[in-house]
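Encoded as structure tokens, the structure appears first; notes follow it.
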Amino acid sequence: MDASSPPLLQDQATAQRAQELLAWYDRNARALPWRVPPHERTVGVVPDPYRVWLSEIMLQQTTVAAVKDYFLAFTAKWPKVTDLAKAETDDVMKAWAGLGYYSRARNLKACAERIAFELGGRFPETEEGLKALPGIGPYTAAAIAAIAFDQRAAVVDGNVERVLSRLHLIEEPLPGAKPAIRAAMDALTPEKRPGDFAQAVMDLGATICTPRRPACALCPWSAPCEGRRQGIADTLPRKAAKAEKPTRRGAAFVMLRDGDGALALRKRPPKGLLGGMAEVPGTVWSTDFAEETALSAAPVKARWHQHLGVATHTFTHFHLEVTVYSATLPAGTPLPEGCWWSEPGDVEGEALPTVMRKIISHARR
DNA sequence: AACCCGTGGGT
DNA sequence: TACCCAAGGGT
């Protein structure tokens, strides 16, 4: 189905349903740093596509609360897409550190360069054009097209899946239910204010139609909601059971320079887990890590001290336990290839993912 | 198509 | 505590 053409099934009841949600949104829209509030949009204020794009990338699988400060920091540092395009990749990775899913940061930089240097500094205004850019998939392309360019696009994220699976009592588990949900959103999305409509469904999902204990009494779609009528709204959408997470183990070697306490770091390979981020040198993380032989993997000969316990972290698909060793090296000790010294005041600003900050912190115990 | 890819907050 | 989940994309 082509979202750019009007839906054949936008009958009167469907149109009214959309208008009821927009009216709710006019009164209840969340105020967010990247958003133009509905009352300003009606006066002709249009959101900056750069800010819409940046926020949408940051919000991929990431909560509003976590994104806010990063968004403000990025837009203060790089006010326009051309600023971001001209930035050093390392600086972008440092600014992204802690937000997770680091391929987003690399794609963000690549996308900014494409727009600044190949597209004359302008974002494509269609879903198709947007989706051709790195880091922009079906959801993000639709969201930018609708929010920044008033294109009628079916924006489907996790909120939309939850709200519409309840509204229409779609009981097929995800991801199988995606086509039906997408069709439902397409049928519901109005010609006018498609961006506000998308954000309205998302706000509804975030504040009323929540995963657990939805506040159906406050919902503007309470009356037509089939899931509520059947009393099973809070069980939808159904999802396939997920595999359990194995535990991987490894060791990390915290090298401190005698005198100033500088910390030795190195850069991870550009792709894969924590790609392109800084790390404390260590072993690979595996399910059959041999604790006894860990020290033989130390990057330099030194008096290694093993810290009690382990640093733990949980990734998307595995748990991690890291045995932490530390040593103080005499100033002038040559570092292994690829390592650098990060001085105490600089460590916080390095492109260190959260797991590495935990490991460094553990070395103080 | 199924798997890989982070993190923090809520329950 | 352990699990769920969040404005998903790439391969």
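Within every chain, numbering begins at 1; the chains are lettered A, B, ... in the order of the sequence lines, protein sequences first and strands thereafter.
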*Length of the CZ-C1' vector between A/Arg213 and B/dG10, whole Å*: 12 Å
_Pairing nucleotide - C/dG9, Watson-Crick or G-U, each distance under 3.5 Å_ = B/dC4
*asked:* Give me the distance, rounded to whole Å, that separates B/dG8 from C/dG9 when you measure between the P atoms they each carry.
replied: 22 Å
*Once you round to the nearest 0.5 Å, how far does CZ of A/Arg106 lie from NZ of A/Lys271?*
10.0 Å
_Is the ring pair A/Tyr50/A/Trp53 parallel, tilted or perpendicular, if the boundaries are 30 and 60 degrees?_
tilted
*What is the nucleic acid contact for A/Gly275, judged by heavy atoms within less than 4.0 Å: base, sugar-phosphate only, or nothing?*
nothing
*What's the NZ-P distance between A/Lys178 and B/dA2, to the nearest Å?*
13 Å
*Rounded to the Å, how far apart are A/Leu273 CG and B/dT7 P?*
8 Å
*asked:* Measuring from atom NE2 of A/His313 to atom NE2 of A/His319, what distance do you get when rounded to the nearest 0.5 angstrom?
replied: 11.5 Å
*Where do A/Arg238 and A/Ile232 land on the side chain to side chain contact (heavy atoms under 4.5 Å, CB included) test, with the steps shown first?*
CA-CA 11 Å; A/Arg238 305 203 197 289; A/Ile232 60 169; 3.9 Å; yes
*asked:* Using a 4.0 Å heavy-atom cut-off to protein, can you give one letter per nucleotide of nucleotides 4-11 of chain C, 5' to 3': B if the base is in contact, S if only the sugar-phosphate is, - if neither?
replied: SSBBBSS-
*Step by step, work out the side chain to side chain contact (heavy atoms under 4.5 Å, CB included) result for A/Leu54 and A/Arg51.*
CA-CA 5 Å; A/Leu54 178 61; A/Arg51 294 167 62 86; 5.7 Å; no
*A/Thr354 vs B/dT7: side-chain N/O to OP1/OP2 distance below 4.0 Å*: yes
*For B/dG6, does OP1 or OP2 lie under 4.0 Å from any side-chain N or O of A/His313?*
no
*Please state the P separation for the pair C/dA7 and B/dC5 - nearest whole angstrom.*
23 Å
*Can you tell me the distance, in whole Å, between the CG atom of A/Leu274 and the C1' atom of B/dC4?*
12 Å
*asked:* Students often get this wrong, so: under 4.0 angstrom with heavy atoms, is A/Val160 touching a base, only sugar-phosphate, or nothing?
replied: nothing
*Test applied, ring-ring contact (aromatic ring centres under 6.0 Å, His included); reference residue, A/Phe74; option that passes from A/Tyr70, A/Trp78, A/Phe71*: A/Trp78
_Listed partners of A/Trp341 passing ring-ring contact (aromatic ring centres under 6.0 Å, His included), at least two apart_ = none
*Atom-to-atom span, CH2 of A/Trp285 to P of B/dC5 - whole angstrom*: 10 Å
*Starting at CZ of A/Phe315 and ending at P of B/dG8, how long is that distance when rounded to a whole Å?*
11 Å
*Rounded to the nearest angstrom, tell me the gap between atom CG in A/Leu99 and atom P in B/dC5.*
18 Å
*Look at A/His317 and B/dC4 and indicate whether a side-chain polar atom (N or O) is within less than 4.0 Å of OP1 or OP2.*
no
